[in-house]
Structure formats: structure tokens, C-alpha cells
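Read the structure below first, then the notes.
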Amino acid sequence: MVTAIVVFYFILTMGLDFRITIKSGKHNEIWIYSVCFLIGFAVLFLRSLDIAVPGPSRFIVNLLEKLSLIK
Amino acid sequence: MQSETMSVRNTGSLIVLMVLSSTILSGAATLGQDTWLSVLLGAAASAPVLWMYCRISRLFPGMGLFSIAEDLFGKIGGRVVIALMSWYALHLCALVVRDFAEYTVLIALQETPRIPIMMAILLTAVYLSKNDFKLLGRWSLIITVSVLANLLFTILLSFGVIDITNIKPVLNHSVQQFASDTFTVGTVVFCETILVLVLFGSFQKGGSPYKAYFGGVLLGSVALTLVVLRNLLILGPDLLMAASFPSYMAVRIIRLGSFLERLESIISFNLILMGVTKISLCLSSASMGVAQLFNVQDHKRLVIPVSFLVLALSSVLFESMPELIGFIKAYRVYALPFQLFIPLLVWITAEIKTRGQKNETKLHDLDPSDQSSPH
């Protein structure tokens, strides 16, 4: 169910918003737009299937512990 | 740009909401009956940092933090600063979205998956961010009035259920414990307002940033102290520290006879509206940063794709609410470069550069050969 919502949300936002960006013909906009959407969709899709994706919080905590900045 | 002007009052309101929206994390308090003191100490300790933010804005009127950074450090140095601050805005946005999703799941929608809830919260924030900053400012003013009215209402109604002895013993913690909690309050509550500085390119011409910042922080810290005191006097120190969302729990106890009950919905109303405002500010800051990094003229065009990244990031941040509360200990250290070191670097460089320019102008005025020169 969540996967279906994620796919629907992706198609909806891409369909409504990305179309306008492509029409504008600005390559930098299209490039950054595609990267954000694809990364976002890939991570969300995996999470919606309950597949663990490493997040930045654990990395930040580990790094700060290694640097002895937190106990 | 003129149509996007944010007045001093509206910017102050935005800062009040930034401060008050942190009440959702008051479950992270560790000082029990002395928590209200740590809020006041946190406000006082953050004052020099907030002064620094105002000073940066005063030195570069009409410019936001990202434009200032590019002006001071050049294209490469400026972009490094913009990239770091954009990451912070993106991460903070994801953290706030996740906080409010956890709140909604824990309080009302236990069986609902988090991703659709986060989508719903983000879509509202996207609508706010895609409009002028003027709209965000006006929205902030209306929400501030409504939140403060609700706060006063719940305080007045709580007189029947409060126990004044819950505040005792006052100052029953060590200096080290006070310092630790003050540090947490300073970073989590007050210094996150650095992101307001990003929007200062749209700040009212001739308006005082000191008035906006200190007015907002003063009102916000007084309101936050009242919230903490209300929760403490109703719940007591032990329950205050044990509860994940003390405001919700405290107001749940309040009732006026048998006809006015379930007042906790007011707290949900307040928190969601404040959360949407904070998420919208973070989202605007992040999309402005990404737009500046990739030479996109209109940052509003990037609000939706950046919101997609925020959604993805918030879905992988934590597994549970206790993990989120535990992260605050690391967050206060992690946030220091973004809230203190980068602004400090910007401020020092800005002071040196503007003084150098002033000296050059003075020399130019005093040099008689320059006056006779046709150039």
C-alpha cells in the first residue's frame, strides 16, 4: 500500500512539475531536478518495501564518538 | 524582490514559531523541575550568537546569508559555505518532518505508516515555500497570535489542576547538569534561527534585524518558559522527564466541568502549524542554497525536488522516537559548525572587509589629488 502511495506521489509530482521544467529547456534545472527526484524516489521506494537504507544520523553519531566529542 | 518583502514584525513572528516549535522535543529535558531555568539560561547564553547573526545582516543589508557568503569568500569559498549550510537546512528539515510524523503516529495514528504522514506534512510546507516570503511572514504572524492565544487559554484553564509544590526544590542540580541542558536548549531551540538569516535578502528595507531577532526570541523564550512551567506544575518533574510529548500529556488532564474536555487537540493544532512553518523555512533555505549552487535563477522551481530529497532523508533517519531523542545529544555538537563556526567566520570576514572599504573611502575623501582628477 505504501509502495503504491510512493509511486503515485512520484508520478503526480513528476507529471505536474517536471513537465514545466523540461519545457523551460534549462539544462542545469533539468539535471538537478532529475537527480533529486531519482535519489528521492529510489530511497523512498526501498523504505516503502521495508528495506533498510543507511541514514546519516548513525554515521554522524559514530563520527562524533570516534572524535571523542560525545560519550 | 520588492513584493517579497518581509516586515520586522513578520520576521519576529517567524522566529517566535522557530523557538516554540521546539516544544515538541521537550521530552529531551533532563533537569526535571529546573527545566524552565535552563530555557531562560539557554536564551541568555544564545544572546551573543543571535547578536552576531543580526550584525551580519546589518553589515550586508538586503542580502541573505548565501549571497553574503559568495560576496565575502568568492565563488569557490562561497559555494563551500552554501553547500554546508544547504545540507544543514536539508537535514534539519528532515529531522523536523520526522519529529512531527512521530508525534502524529504516537498520539493519533498508531497503525498508519510514517511515509504518507510525512508526505501530507511536506505538501503543506511545499505550498508555503513555493509562494512569496511575504506569505510565509504573514502566515507566521497569524499562527503566532493563534498559538499564543491557545497557550494563554490552556494556562488559565490549568489553574484547577496545577500543584505549585512541583516546582520545588529549585536549583537542585549541579552546575555541570545546568550547563549541559543550557547547551542543548541553546542549539536546539535558539540557534536554529540561523536559517532565518538565509531569508534576509527579502527583509524589509531599513528594518532593524536586532528588533526582529531579539523581539522574536524574547517573546518565544517567555512563551516557552510558560509552556515548560505549565507542564511541570501539572505533571510534576518525574512525569515531565518520562513523557515523550509533555505538553500533550499535561493539557490532556485539563478539563472544565463536563462540557469542555479533550483540550489536547489544541496542542496538536499548535504543534502541527508551528511544524509546518519551521519545515517551510528549512525547505526554502535548502532550495535557495541548491539553486545558488547550480545557478538556477528561481529557487521556487527547486522546492518540490528538494522536498522529495527531504522526504527520502526523513524516512531513513531513525527507527523510533527514543532513537530520535537520543540523537539530540549528538545533534548539539553536530550543529555547532553550522550555528556558530560558519556564522563566526562570515562575521569576522565581513567586519574586516567592511572596515577596509570604509578606510579606503576615507582615504579617497582626504586625498586632494583625487578631487582634481577627472576620474
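Chain identifiers are assigned alphabetically (A, B, ...) following the order of the sequence lines, protein sequences preceding nucleic acid strands; residue numbering begins at 1 within each chain.
- In this structure, the portion of A/Leu64 lying under 4.5 Å from any heavy atom of chain B is its side chain and not its backbone.
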- Message: The test is side chain to side chain contact (heavy atoms under 4.5 Å, CB included); show your working for B/Glu323 and A/Ser57 and say whether it passes.
- Response: CA-CA 10 Å; B/Glu323 204 183 325; A/Ser57 306; 5.9 Å; no
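- Heavy atoms of B/Leu302 lying under 4.5 Å from chain A belong exclusively to its side chain.
- One distance of note links NZ of A/Lys26 with CG of B/Asp298; it measures 8.0 Å at 0.5 Å rounding.
- Separating the CE atom in A/Met1 from the OG1 atom in B/Thr112 is a distance of 10.5 Å, to the nearest 0.5 Å.
- Taking each heavy atom of B/Pro113 and A/Val2 in turn, the nearest pair found is CG-CG2, 3.3 Å.
- Only the side chain of B/Leu313 comes within less than 4.5 Å of a heavy atom in chain A; its backbone stays farther off.
- The residue among A/Asn28, A/Leu69, A/Val53 with the most heavy atom pairs within less than 4.5 Å of chain B is A/Asn28.
- The greatest number of non-hydrogen atom pairs below 4.5 Å with chain B, out of A/Leu46, A/Leu44, A/Val43, is found for A/Leu44.
- Checked options A/Phe37, A/Phe45, A/Phe41; the residue passing with B/Phe308 is A/Phe37 (criterion: ring pair (Phe, Tyr, Trp, His ring centres under 6.0 Å)).
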- Step by step, would you call B/Leu309 with A/Ile39 a side chain to side chain contact (heavy atoms under 4.5 Å, CB included)? CA-CA 7 Å; B/Leu309 277 186; A/Ile39 294 174; 3.9 Å; yes
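- Put simply, of B/Ser307, B/Ala291, B/Ala330, B/Ser315, the one with the most heavy-atom pairs under 4.5 Å next to chain A is B/Ser315.
- Looking at B/Leu123, the atoms closer than 4.5 Å to chain A (heavy atoms on both sides) all sit in the side chain, from C-beta outward.
- Residue contact with chain A, scored on non-hydrogen atoms closer than 4.5 Å, involves the side chain of B/Phe327 exclusively.
- Open room surrounds CD on B/Gln176; 12 or fewer heavy atoms of other groups in view lie less than 6.0 Å from it.
- Interatomic distance, CD1 of A/Ile32 versus CG of B/Asn295, reported as 11.5 Å (0.5 Å rounding).
- Surrounding CG of A/Leu49 are more than 12 heavy atoms belonging to other residues, nucleotides or ligands, all under 6.0 Å away.
- With a threshold of 4.5 angstrom between heavy atoms, A/Val6 approaches chain B through its backbone and through its side chain.
- B/Gln297 CD: 12 or fewer foreign heavy atoms inside a 6.0 Å radius.
- Of the listed residues (A/Leu63, A/Ile60, A/Val61), the greatest number of heavy-atom pairs within a distance under 4.5 Å of chain B belongs to A/Ile60.
- Both the backbone and the side chain of B/Leu317 come within less than 4.5 Å of a heavy atom of chain A.
- Contact count versus chain A (heavy atoms, under 4.5 Å) is highest, among B/Arg114, B/Met119, B/His91, for B/Met119.
- Only the side chain of B/Val290 comes within less than 4.5 Å of a heavy atom in chain A; its backbone stays farther off.
- Contact of B/Phe318 with chain A is made through the side chain alone, with heavy-atom distances under 4.5 Å.
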